[in-house]
Amino acid sequence: MRASGVTAEIFRRDMREFARLAETRYDPAVVDRVLDALGDMWADAWLAVRTTTHPAPVRQVSARFMNLPAAADPVGRLRAAGLLEFVGHPMEELLARVSAAVPVDWGVDLAVDRGVQKIWTAFPDLISVDRIVSFAGMPNSARAHAELLKRWGGGGIALMAVDFVNRTLNLYTQILAPGQLTAAGIATILRELDFVAADEGELAAVGWPFTVYATFDWTAPSIQRICFPARYTAESFPPIDPVLSRFVEGAPFAGPGPRGFAFYAAYGPTGRYYKVQADYTSAARQTLPGGVGVPQSR
């Protein structure tokens with residue numbers, strides 16, 4: 001048993017429960033293959049679990065393994081196990097060039113019904129927007145929106161997430177101070193992008209987000225989606241959607257230490273949806289990119 005107290009048996013049991021709460025599928029063989037490939041290092045990660053308000057047939061539960069050290073080489077391990085396929089897509093070159101050029105910590109998203117979904121690079125030393133968009137393999141749409149990324153987040157990028165299933169890329173601004181981006185600022189961003197407007201309840205829930213992230217792909221010139229997350233306790237989590245409320249109320253926790261939840265509101269040109277991320281192990285002692293702690297829950 002590791003310092004987190006999480007064994008493979010406990011993890012399997014709890015991922016099955018998360019899937020039940022979200023009314024989605026759990027495939028034990030898929031989960032076991034990824035745990036085997038990651039080896040002992042997965043239990044030392046900061047573990048979180050997320051789901052969405054997508055319709056149940058397409059809704060997923062993802063286990064998130066974050067703050068893996070550079071030496072862990074999860075990409076190499078997963079490729080060697082046949083769980084992450086490189087096919088010549090530009091995202092593969094982008095991931096390789098970024099991780100070779102700057103210090104990174106790694107993260108992996110495991111969809112418990114299908115396998116590896118995202119590979120994360122977290123930048124202990126923030127990387128500038130200008131530098132991140134200069135790497136080969138970056139979508140042209142991200143380069144085209146560099147000035148907006150700077151304006152929204154102060155010029156620094158904290159995280160990059162490459163989605164191997166959907167062939168998309170997320171860029172996360174540096175951690176924002178409370179009040180740095182307000183509800184009025186969010187409304188302005190959505191108008192600038194000609195995305196659907198946030199209603200009053202959503203703005204109240206994400207009015208002080210701790211980051212902003214934009215989703216890009218390699219086939220379209222526009223931002224595909226923009227998302228605003230805010231941290232909560234179980235008691236203060238906004239009762240905006242019954243799927244998320246049920247997930248929060250029943251979420252297993254491996255501890256030790258305090259736990260939190262992140263509520264996300266995601267917007268695009270024609271619609272919106274919500275996400276929740278539950279700490280599965282405590283974030284209390286974790287350090288985020290830029291050397292800051294995890295934002296306090298409301």
Side-chain angles (χ1 to χ4, degrees), residues 34-42 44-48 62-111 115-147 149-150 153-175 211-219 223-224 286-292:
V34 174
L35 294 185
D36 288 344
L38 294 178
D40 290 342
M41 69 179 183
W42 70 264
D44 290 328
W46 172 25
L47 303 175
S62 297
R64 185 161 286 172
F65 306 82
M66 297 299 291
N67 286 6
L68 297 168
D73 188 26
V75 174
R77 288 171 176 254
L78 293 167
R79 290 187 69 189
L83 302 175
L84 187 67
E85 186 179 8
F86 276 28
V87 296
H89 192 280
M91 65 184 176
E92 299 155 13
E93 180 181 18
L94 175 64
L95 192 61
R97 287 184 177 269
V98 169
S99 60
V102 299
V104 301
D105 291 330
W106 292 100
V108 177
D109 272 13
L110 162 62
V116 177
Q117 181 174 27
K118 291 189 182 81
I119 298 293
W120 297 73
T121 54
F123 306 115
D125 301 316
L126 297 176
I127 186 169
S128 72
V129 171
D130 287 336
R131 187 171 189 198
I132 195 71
V133 301
S134 73
F135 282 98
M138 180 65 62
N140 288 331
S141 53
R143 295 191 179 104
H145 292 87
E147 294 305 314
L149 289 172
K150 292 179 195 177
I157 296 296
L159 296 153
M160 181 178 79
V162 178
D163 188 327
F164 277 78
V165 174
N166 297 306
R167 298 291 194 259
T168 57
L169 171 79
N170 293 346
L171 292 177
Y172 291 69
T173 70
Q174 65 195 58
I175 303 303
T211 187
V212 178
Y213 79 80
T215 301
F216 305 92
D217 71 21
W218 282 263
T219 62
I223 293 176
Q224 301 300 293
Q286 299 297 323
T287 301
L288 297 185
V292 300

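For the single chain, residues carry numbers from 1 onward in sequence order.
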Distance (rounded to the nearest 0.5 Å) between [X] [atom1] and [Y] [atom2]:
X	Y	atom1	atom2	value
W42	D36	CH2	CG	10.5 Å
L159	N170	CG	CG	9.5 Å
F65	I119	CZ	CD1	11.0 Å
M160	M138	CE	CE	6.0 Å
F135	L95	CZ	CG	11.5 Å
L149	I223	CG	CD1	6.0 Å

Taking side-chain contact (heavy atoms from CB on, under 4.5 Å) as the definition, give me every residue that meets it alongside [X], ordered by chain and number, with sequence neighbours left out.
X	value
A72	M41, L68, P69, P74
A144	none
E85	V87
N166	Q117, D163, T168

Worksheet entry | Of all pairs that satisfy side-chain hydrogen bond (donor to acceptor under 3.5 Å, both in side chains), the ones with a partner from residues 98-111, not counting sequence neighbours | R64-D109, D109-W120
Discussion item. Going by side-chain hydrogen bond (donor to acceptor under 3.5 Å, both in side chains), name the pairs with one or both residues in residues 123-135, residues two or more places apart or in two chains.
Written reply: D130-K150
Fill in: Heavy-atom neighbours of R77 CZ exceed 12 at 6.0 Å
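Yes - once you tally the heavy atoms of other residues, nucleotides and ligands closer than 6.0 Å, there are more than 12.
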ring-ring contact (aromatic ring centres under 6.0 Å, His included) with [X]: which residues, sequence neighbours excluded?
X	value
F164	F86
W46	none
F216	none

Closest approach of [X] to [Y] (non-hydrogen atoms, all atoms of both residues):
X	Y	value
A146	V129	O-CG1, 3.5 Å
I175	P289	CG1-O, 4.2 Å
P124	A122	CD-O, 3.2 Å

Practice prompt. For E92 and H89, indicate whether the former's side chain and the latter's backbone hold a donor-acceptor pair under 3.5 Å.
Written response: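 Checked: pair present.
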Practice prompt. Would you confirm whether W218, through its side chain, and L169, through its main-chain N or O, come within 3.5 Å as a donor-acceptor pair?
Written response: no
[X]: which residues meet the side-chain hydrogen bond (donor to acceptor under 3.5 Å, both in side chains) condition with it, sequence neighbours left out?
X	result
R167	none
T211	T173
N140	R143

Item to complete: For residues L38 and L78, determine if any side-chain heavy atom of one lies less than 4.5 Å from a side-chain heavy atom of the other.
Response: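 A side-chain contact under 4.5 Å exists here.
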